[in-house]
Amino acid sequence: DDEDVYHDDQLEFDSGFGNVIVVDNLPVVPREKFEKLEGVIRKIYSQIGVIKEDGLWMPVDPETKKTLGYCFIEYNTPQEAELAKEKTNGYKLDRAHIFAVNMFDDFDKYMRVPDEWAPPEIKPYTPGENLQKWLTDEKARDQFVIRAGTDTEVLWNDARQSKTELVYKRSYWTESFVQWSPLGTYLATVHRQGAAVWGGANTFNRLMRYAHPQVKLIDFSPGEKFLVTYSSHEPSNPHDANRVVINIFDVRTGKVMRDFKGSADEFTIGGAGGVAGVSWPVFRWGGGKEDKYFAKLGKNMISVYETETFSLIDKKSLKVENVVDFSWSPTDPILALFVPELGGGNQPARVSLVQVPSKVELRQKNLFSVSDCKMYWQSNGEYLAVKADRYTKTKKSTYTGFELFRIKERDIPIEVLELDNKNDKIIAFAWEPKGHRFAVIHGDNPRPDISFYSMKSSHNLGRVSKLTTLKGKQANALFWSPGGRFIVLAGLKGFNGQLEFFNVDELETMATAEHFMATDIEWDPTGRYVATAVTSVHEMENGFNIWSFHGKLLYRILKDHFFQFLWRPRPPSFLSAEKEEEILKYLKKYSKKYDAEDQDVSMLLSEQDREKRRMLKEEWEKWISEWRRASEEEKLERQKLRDGEASDEEEEYEAKEVEVEEILDFSEEVLFEE
């Protein structure tokens with residue numbers, strides 16, 4: 001896959017002029033003003049990148065001895081040339097001179113446009129493959145992808161048979177990592193020339209490529225319509241910031257819908273993760289699965305774009321003084337944003353909920369004496385938890401509380417929750433998917449406590465209530481089942497992979513286990529199975545375990561240099577909530593079919609066990625007969641060694657006691673002399 005991503009586009013870079021720009025609409029000046037104009041242009045363009053020696057050329061009309069109104073500028077790198085075009089195209093030198101900047105290579109491209117229009121060739125329609133066919137698996141299994149060494153494999157989780165089944169395997173399929181799209185339709189791979197997506201009915205074919213040299217990170221929109229790619233390029237001047245290129249592609253057509261270019265400083269505000277200080281994802285998607293809006297945090301603003309025209313809503317950013325973080329509701333076009341405390345506490349911190357596209361503020365909450373804040377949305381967008389770290393009155397220490405927003409209720413009521421011991425450090429927080437409960441790991445002890453809360457009290461008064469607290473657990477991470485109800489309380493890193501499978505409905509532990517040195521835990525999308533993995537951050541025990549939801553180890557696979565384990569996501573069910581309730585009501589009727597299938601599998605496994613035992617017995621008997629044959633062949637030799645005794649039967653031998661005298665030591669001493 002190291003072939004050029006787009007052959008036609010690649011030709012444009014082969015001319016060797018990718019680092020040259022043409023600046024048009026310059027003032028036409030006589031020779032005496034030539035140096036002054038050149039100085040102005042050099043000052044503007046040397047701020048963007050390093051201009052090569054003799055890299056600025058302004059042609060002169062041989063007859064009038066005046067400049068021709070344009071110049072050529074050659075930079076050290078194509079990236080600097082592109083940035084110069086991006087930054088100065090449309091630059092207003094004065095009222096009469098607005099720069100028009102183009103890449104030199106573009107002229108060659110435009111010259112190849114034919115003079116006469118020819119209608120495009122209409123290709124016959126060929127129906128595409130069913131990219132969701134894997135969802136129709138008769139055994140209702142799930143797929144996952146693993147990367148180990150140079151191999152990438154897609155496998156079925158055949159848990160009933162306690163094994164995997166290979167779907168597709170390829171060496172050097174990606175140069176850094178693989179990533180499923182959010183609904184599981186595509187598998188994305190990353191290469192030096194760009195990214196690619198793969199899928200198909202029965203195998204993995206390459207469906208589309210996205211040209212982006214030196215791409216480092218990728219991100220899909222929630223509805224899989226768009227793919228965001230990111231790269232960072234070192235400047236020729238070591239004092240300058242890295243140059244960042246972000247492209248947003250249409251996944252199906254491969255067309256660039258919008259690109260963003262600039263210095264890394266422009267993309268480092270807010271968030272964590274990513275590379276070279278850039279928060280990733282730079283653009284966060286909102287508005288549910290329609291992929292209508294995406295937004296970026298800027299200095300004193302949030303830039304919200306809509307995907308119909310890929311331009312800012314109302315052609316301007318949302319101005320929010322000192323905003324440091326924001327997050328979208330997972331289901332609705334609502335932004336939650338956080339502004340920290342200012343002026344030594346004179347202006348309190350605040351959390352605001354803003355409706356998009358109207359930019360109307362739905363709710364605001366001022367927070368006093370706040371040092372830090374983190375926002376957690378529930379998966380249905382029904383609740384928002386704001387974890388606020390507050391200073392004590394002396395400001396020498398902090399304590400943590402939660403502001404709980406009920407998004408779907410009238411006027412969005414807010415409730416304050418403090419732990420029984422409000423000085424407890426919060427280690428982890430997680431909402432129950434699609435549910436009303438949440439879990440918190442808290443405490444300063446080596447074995448912290450875990451508390452469970454519900455947003456519905458026993459009398460359904462709309463008050464938060466505590467369900468239980470589990471004392472002294474070896475856990476520092478929470479992993480809810482996608483279907484809710486069950487949770488894995490995990491002790492990673494310092495706790496060496498302790499696992500507790502807990503039923504929140506019954507408030508009881510179903511099983512405890514350990515996957516020594518586990519680094520990753522991931523539920524399958526149906527909530528039936530859990531994968532725990534040890535990746536190559538550890539040198540030993542690399543591989544993964546598959547567990548049932550109640551904590552039974554089903555099978556274990558060891559793989560050297562193990563890098564990634566990712567379950568293939570499933571799209572949301574087409575069944576209505578009423579239909580799902582009906583299925584649960586009549587589950588016994590539906591389960592008869594599956595019980596019969598389970599029995600067949602059980603019988604098949606029993607048959608396989610019997611066959612295995614039979615083969616072992618045959619092997620044993622074969623081994624015995626071979627030794628008997630060897631014994632027969634050596635009979636005469638044994639007889640010779642026994643001085644003619646013919647019998648091999650032990651009972652025909654006579655045991656005799658033989659006394660053997662042995663001198664252990666001998667010494668001679670002279671006792672006296674005459």
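With sequence neighbours left out, the side chain to side chain contact (heavy atoms under 4.5 Å, CB included) criterion links Asn545 to His515, Thr532, Trp547, Leu553, Arg556. Considering only residues two or more places apart in sequence or on other chains, Ser576 meets the side chain to side chain contact (heavy atoms under 4.5 Å, CB included) condition with Glu578, Lys579.
The backbone N or O of Trp134 lies less than 3.5 Å from no partner atom in the side chain of Gln143, so there is not a single donor-acceptor pair. The backbone N or O of Gly223 lies less than 3.5 Å from a partner atom in the side chain of Asp291, making a donor-acceptor pair. Looking only at distances, no side-chain donor or acceptor of Arg390 sits under 3.5 Å from a matching main-chain atom of Ser369. Formation of a donor-acceptor pair under 3.5 Å by the Asn542 side chain with backbone atoms of Phe562 is found in this model. Between the side chain of Arg406 and the backbone N or O of Glu415 there is no donor-acceptor pair closer than 3.5 Å. Formation of a donor-acceptor pair under 3.5 Å by the Glu541 side chain with backbone atoms of Val534 is not found in this model. The backbone N or O of Phe338 lies less than 3.5 Å from no partner atom in the side chain of Asp325, so there is not a single donor-acceptor pair. Side chain of Gln378 to main chain of Gly435: a donor-acceptor pair is present (N/O by atom type, distance under 3.5 Å, no hydrogens or angles). Although no hydrogens or angles enter the test, the distance criterion places no donor-acceptor pair under 3.5 Å between the side chain of Ser352 and the main chain of Leu337. Under a 3.5 Å cut-off, the side chain of Ser221 and the backbone N or O of Lys225 do form a donor-acceptor pair.
Between Phe549 and the options Phe479, Phe486, Trp480, Phe501, a ring pair (Phe, Tyr, Trp, His ring centres under 6.0 Å) holds for only Phe486. When the options Trp173, Phe144, Trp198 are evaluated for a ring pair (Phe, Tyr, Trp, His ring centres under 6.0 Å) with Tyr168, the one that passes is Trp173. Checking Arg437, Arg485, Lys456 one by one against Glu432, the salt bridge (Lys or Arg N to Asp or Glu O under 4.0 Å) holds for a single residue, Arg437. Here the options are Phe429, Tyr376, Tyr383, the test is ring pair (Phe, Tyr, Trp, His ring centres under 6.0 Å), and the partner is Phe438; only Phe429 passes. Partner of Glu153 under the side chain to side chain donor-acceptor pair (under 3.5 Å) criterion, out of Lys559, Lys169, Arg147: Lys559 alone.
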side-chain contact (heavy atoms from CB on, under 4.5 Å) evaluation trace for Leu470 with Thr509
CA-CA 10 Å; Leu470 311 175; Thr509 298; 5.7 Å; no
Could you please spell out the steps behind the side-chain contact (heavy atoms from CB on, under 4.5 Å) verdict for Ile521 and Leu492?
CA-CA 9 Å; Ile521 296 175; Leu492 303 178; 3.8 Å; yes
Between Gln132 and Thr185, does a side-chain hydrogen bond (donor to acceptor under 3.5 Å, both in side chains) hold up when you go through it step by step?
CA-CA 6 Å; Gln132 270 77 36; Thr185 311; 3.1 Å; yes
Can Asn366 and Gln364 be said to form a side-chain hydrogen bond (donor to acceptor under 3.5 Å, both in side chains), step by step?
CA-CA 7 Å; Asn366 287 338; Gln364 179 184 314; 3.2 Å; yes
Between Asp444 and Lys425, is the salt bridge (Lys or Arg N to Asp or Glu O under 4.0 Å) condition met? List the steps.
CA-CA 6 Å; Asp444 298 309; Lys425 180 185 167 193; 6.0 Å; no
Tyr293 and Phe283: side-chain contact (heavy atoms from CB on, under 4.5 Å), yes or no, with the steps?
CA-CA 10 Å; Tyr293 308 107; Phe283 293 104; over 6 Å; no
Where do Asp158 and Arg141 land on the salt bridge (Lys or Arg N to Asp or Glu O under 4.0 Å) test, with the steps shown first?
CA-CA 6 Å; Asp158 205 337; Arg141 298 172 297 178; 3.3 Å; yes
Kindly indicate, with the supporting measurements, whether the criterion side-chain contact (heavy atoms from CB on, under 4.5 Å) is fulfilled by Arg528 and Asn157.
CA-CA 11 Å; Arg528 294 176 296 174; Asn157 170 34; over 6 Å; no
Applying side-chain hydrogen bond (donor to acceptor under 3.5 Å, both in side chains) to Ser451 and His442, what does each step give before you reach the verdict?
CA-CA 8 Å; Ser451 294; His442 55 95; 2.7 Å; yes
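A 4.5 Å side-chain heavy-atom check between Phe565 and Asp520 finds every atom pair outside the cut-off. The closest side-chain heavy-atom distance from Leu419 to Thr400 is not below 4.5 Å. Within the 4.5 Å cutoff, the side chain of Ile334 has heavy atoms near those of the Gln355 side chain. Residues Glu224 and Val251 fail the side-chain proximity criterion, which asks for heavy atoms closer than 4.5 Å. Under the 4.5 Å side-chain criterion, counting only non-hydrogen atoms from C-beta, Asp332 is in contact with Lys408. A heavy-atom distance below 4.5 Å is found between the side chains of Arg350 and Val320. The shortest distance between side-chain heavy atoms of Asp219 and Tyr230 does not fall below 4.5 Å. Between Phe402 and Tyr453, every side-chain heavy-atom pair lies at or beyond the 4.5 Å cut-off.
For Glu508, the CD atom sits in a packed shell: over 12 heavy atoms of surrounding residues, nucleotides or ligands are nearer than 6.0 Å. In the displayed structure, Lys552 atom NZ is contacted under 6.0 Å by at most 12 heavy atoms of other residues, nucleotides or ligands. When the shell of 6.0 Å around NE2 of His561 is examined, it contains 12 or fewer heavy atoms from other residues, nucleotides or ligands. The number of heavy-atom neighbours closer than 6.0 Å to NZ of Lys387, taken from other residues, nucleotides and ligands shown, is above 12.
To the nearest 0.5 Å, atom CD of residue Glu581 and atom OH of residue Tyr586 are 12.0 Å apart. For the atom pair CD (Gln474) and CD (Glu514), the distance works out to 8.5 Å, reported to the nearest 0.5 Å. Rounding to the nearest 0.5 Å gives a distance of 9.0 Å between CZ of Arg447 and NZ of Lys473. How far OG of Ser329 is from CH2 of Trp377: 4.5 Å, rounded to the nearest 0.5 Å. Expressed to the nearest 0.5 Å, how far CD of Glu582 lies from CG of Leu587 amounts to 12.0 Å. Taking CG of Leu554 as the reference point, atom CZ of Arg160 lies at 12.5 Å (rounded to 0.5 Å).
When all heavy atoms of Ala159 and Tyr555 are compared, the pair lying nearest together is CA-CE2, 4.4 Å. Taking both residues in full, the closest heavy atoms of Ile450 and Leu489 are given as CD1-CD1, 3.8 Å, listed atom of the first, atom of the second, then distance. Closest of all the heavy-atom pairs between Phe220 and Pro182 is CB-CD, 3.4 Å. Taking each heavy atom of Ser371 and Thr398 in turn, the nearest pair found is OG-CG2, 3.9 Å.
For an aromatic pair to be called close, the ring centres must be under 6.0 Å apart, and Phe452 with Phe502 satisfies this.
In this structure, Trp328 and Phe326 have perpendicular ring planes: the angle between them is above 60°, well past the 30° mark.
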